[in-house]
2 protein chains.
Amino acid sequence: MTPAEPRPDGARAGSPRPSTIEDVAREAGVSRAAVSKVIRNAYGVSDRMRTQVEAAIERLGYRPRVAARAMRGASFTFGFEIPQVGNDFLTMIVDGATEALAETPYQMIIAPLGRDQKGDMAINSLVDRQVDGIVAISPRVDPAWIERIAERIPVVMIGRHDRSDRYDTITGDDRSGAEQVMSHLLDQGHRRITHLTIHPSRPEPPWAGQAGDEPHVIRTAVYRERMAALGLEQSVVHTMFDGSEAHDATRALLASPEPPTAIFAGNDTLAIGVLSAIAEAGLDERDVSVVGYDNIPIAGHPLVSLSSVDQSGVLMGREAARLLFERLSGRTEAVQSQIEATLRERRSSAPPRRP
Amino acid sequence: MTPAEPRPDGARAGSPRPSTIEDVAREAGVSRAAVSKVIRNAYGVSDRMRTQVEAAIERLGYRPRVAARAMRGASFTFGFEIPQVGNDFLTMIVDGATEALAETPYQMIIAPLGRDQKGDMAINSLVDRQVDGIVAISPRVDPAWIERIAERIPVVMIGRHDRSDRYDTITGDDRSGAEQVMSHLLDQGHRRITHLTIHPSRPEPPWAGQAGDEPHVIRTAVYRERMAALGLEQSVVHTMFDGSEAHDATRALLASPEPPTAIFAGNDTLAIGVLSAIAEAGLDERDVSVVGYDNIPIAGHPLVSLSSVDQSGVLMGREAARLLFERLSGRTEAVQSQIEATLRERRSSAPPRRP
DNA sequence: TTGAAAGCGCTAACAG
DNA sequence: CTGTTAGCGCTTTCAA
């Protein structure tokens with residue numbers, strides 16, 4: 001705006017350019033290399049030099065530029081790709097990882113997905129930023145593509161049940177979790193049970209053979225098996241992931257001639273949407289029971305009291321960070337880590353009024 | 001682990017090093033500068049060259065390294081500092097910004113705060129990564145320090161009501177919002193109203209004179225004014241931000257000889273904690289009414305139905321992105337943007353049983 | 001234990 | 001319109 005800027009490099013008065021490693025070296029009377037070693041805690045610096053350099057850093061308020069470091073060595077950054085910022089289960093994962101990174105020089109950055117964006121975009125953006133490790137949560141990316149990335153950067157995939165010998169995976173025990181849900185509902189006497197889950201990938205990706213590895217697909221499969229085993233009629237409804245469609249779908253179900261007495265929702269976000277439709281219809285758990293998956297914090301709230309499968313997101317996040325650190329210190333074989341799943345029974349699921 | 005790696009630079013078999021701008025230039029038979037211009041959409045490239053270069057990029061799967069770009073020019077990255085990943089109000093802000101960035105070459109990264117970490121850490125980490133713009137949401141950082149950063153990088157502060165001529169601000173109308181809450185409760189006949197809010201900074205920071213600019217402090221001030229004006233006894237309770245302390249504090253309040261008939265919570269997260277204590281005590285809104293602030297999505301859920309002040313976080317996020325882009329294209333005067341606040345009355349607030 | 005020097009991949013200024 | 005060149009701030013050999 002004011003075209004009379006004094007010098008292009010100098011910024012405005014009183015704003016000295018941030019100091020560089022060079023400045024620190026001069027101030028401490030040592031070489032750049034020496035400073036570099038100090039800030040990296042590298043081997044081969046005398047105590048005297050260390051104190052000198054640290055004093056200079058302090059005096060100058062020096063902070064290493066991540067970009068410059070990344071060009072030669074590490075960026076000291078782990079990148080998290082998360083499909084929805086608002087999803088409380090993912091939040092728990094991030095919390096767990098944040099905690100694990102707290103006392104390390106590593107920082108976490110999160111690349112959120114825009115609506116309708118695919119996971120590739122966010123993962124690519126992390127790669128472009130030369131993060132030292134990637135935690136990917138979107139289940140719908142080409143495994144072969146991820147493997148290629150994992151050749152250069154440690155990758156942990158959370159959720160998907162495929163095995164790779166290039167990247168590590170962390171999964172919940174989706175089969176067991178879903179079994180617990182179904183047993184619970186069937187034991188309570190439910191027979192008309194609808195399963196509500198998110199849409200499968202559309203259009204079918206070329207690697208669709210792998211779709212069976214997605215957590216939601218496994219949960220659905222278990223539902224089908226259990227229903228089939230008892231000769232019960234299966235009813236699977238697909239919606240978008242954000243809960244508002246789950247609400248509408250439930251309303252439609254309730255208006256149908258033979259509404260279900262129980263709904264098994266693929267995750268808690270969907271279940272919350274289901275509960276809202278049930279409440280709006282003036283019904284409760286004796287009319288329609290609901291069970292969710294993930295045990296997000298609000299599920300335990302007494303006003304909501306949603307039965308749900310706990311698969312400790314916090315633990316998953318902590319584990320993800322641990323696996324990345326292991327890779328960084330040399331591990332090359334892939335690891336598959338499985339987290340237990342436990343159904344927490346709450347008020348939202350009860351024996352049906354008329355079985 | 002396997003110390004017999006063939007070459008330190010070469011990675012493993014079949015993993016060619018990612019292509020650089022140099023490779024693209026060679027492949028397309030042009031200079032590096034030409035490629036650089038194409039990828040930045042810069043002025044001065046013939047259509048023929050553009051197509052050639054784009055083809056080469058495609059063939060090689062080239063992606064520019066952000067670190068290298070950041071060293072000379074821009075990183076095409078906006079950084080968001082957010083104090084709690086799980087807070088749904090902040091989520092709304094991120095969603096708004098994500099949407100605004102969707103069709104641009106800019107990417108967003110989020111630097112979450114660890115527990116007990118201060119906002120400075122996350123903001124510094126963003127600066128270290130040479131982001132092209134910063135959106136800061138933590139209210140408790142030294143304004144002078146932020147101003148210094150804003151001399152080099154565009155900064156938008158969300159929430160705080162201070163004025164700076166170096167950085168932009170976006171605020172809700174906290175005074176009006178709090179007035180609406182208090183009028184609503186008083187009109188309903190409540191006289192014993194407790195205000196529950198998060199702890200003030202501790203220990204007092206040197207710039208504590210500015211504390212009056214924090215949204216929560218303003219809301220508390222309005223509460224005090226309105227109570228004082230009617231000669232009512234004030235009761236302010238401070239808790240941590242995560243809702244579990246709000247739950248405990250409420251339980252204590254309910255057990256006191258003269259429990260409040262209404263609680264005005266500083267934000268929805270606290271209000272949710274309050275509601276859980278009320279529900280656990282077997283009470284409802286006719287015993288103790290609750291009003292929150294932020295109107296997070298769950299507040300509108302029929303099982304919760306929390307009265308709350310809406311200050312459109314989505315709008316704030318969108319606005320933040322817009323302000324950064326304006327700065328990038330030359331604006332130098334600071335802007336203060338204010339978002340309207342509107343109370344949404346729901347079931348959680350009702351006239352007291354015995355006024 | 002310390003320092004000198006060679007780049008990492010890119011952009012910007014300038015020359016042709 | 002296109003290419004040449006000089007760094008950006010750091011890490012990393014490699015000598016001293």
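Computed from a predicted structure; not experimentally measured. Proteins come first, then strands; the chains are lettered A, B, ... in the order of their sequence lines, and each starts at number 1.
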Start with the C-alpha distance between A/Arg163 and A/Gln336, add both sets of side-chain angles, then the distance that settles side chain to side chain donor-acceptor pair (under 3.5 Å), and finish with yes or no.
-> CA-CA 7 Å; A/Arg163 277 181 163 269; A/Gln336 282 82 34; 2.8 Å; yes
B/Arg148/B/Asp142 under salt bridge (charged side-chain N to carboxylate O under 4.0 Å, His left out): CA gap, chis, key distance, verdict | CA-CA 10 Å; B/Arg148 221 165 314 126; B/Asp142 182 352; 5.4 Å; no
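No salt bridge links B/Arg160 with B/Asp213; every basic N to acidic carboxylate O contact stays at or beyond 4.0 Å. Using a cutoff of 4.0 Å between basic side-chain nitrogens and carboxylate oxygens, A/Asp47 and A/Arg50 are not scored as salt-bridged.
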With the sugar-phosphate defined as primed atoms, P, OP1 and OP2, and the base as all remaining atoms, what B/S/- string results for nucleotides 6-16 of chain D, 5' to 3', for protein heavy atoms under 4.0 Å?
-> BBBBBBB----
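When each of B/Asp132, B/Val127, B/Leu324 is paired with B/Ile153, the side chain to side chain contact (heavy atoms under 4.5 Å, CB included) condition holds for B/Val127 and for no other.
Defining each end axis of the helix from C/dT1-D/dA16 to C/dG16-D/dC1 as the rotation carrying four pairs' C1' atoms onto the next four, with five pairs an end, the two axes are found to diverge by 30° to 10 degrees.
For B/Glu319 and B/Ser337, the side-chain atoms include at least one donor-acceptor pair closer than 3.5 Å.
Residues that satisfy the ring-ring contact (aromatic ring centres under 6.0 Å, His included) test with A/Phe76, not counting sequence neighbours, are A/Tyr106.
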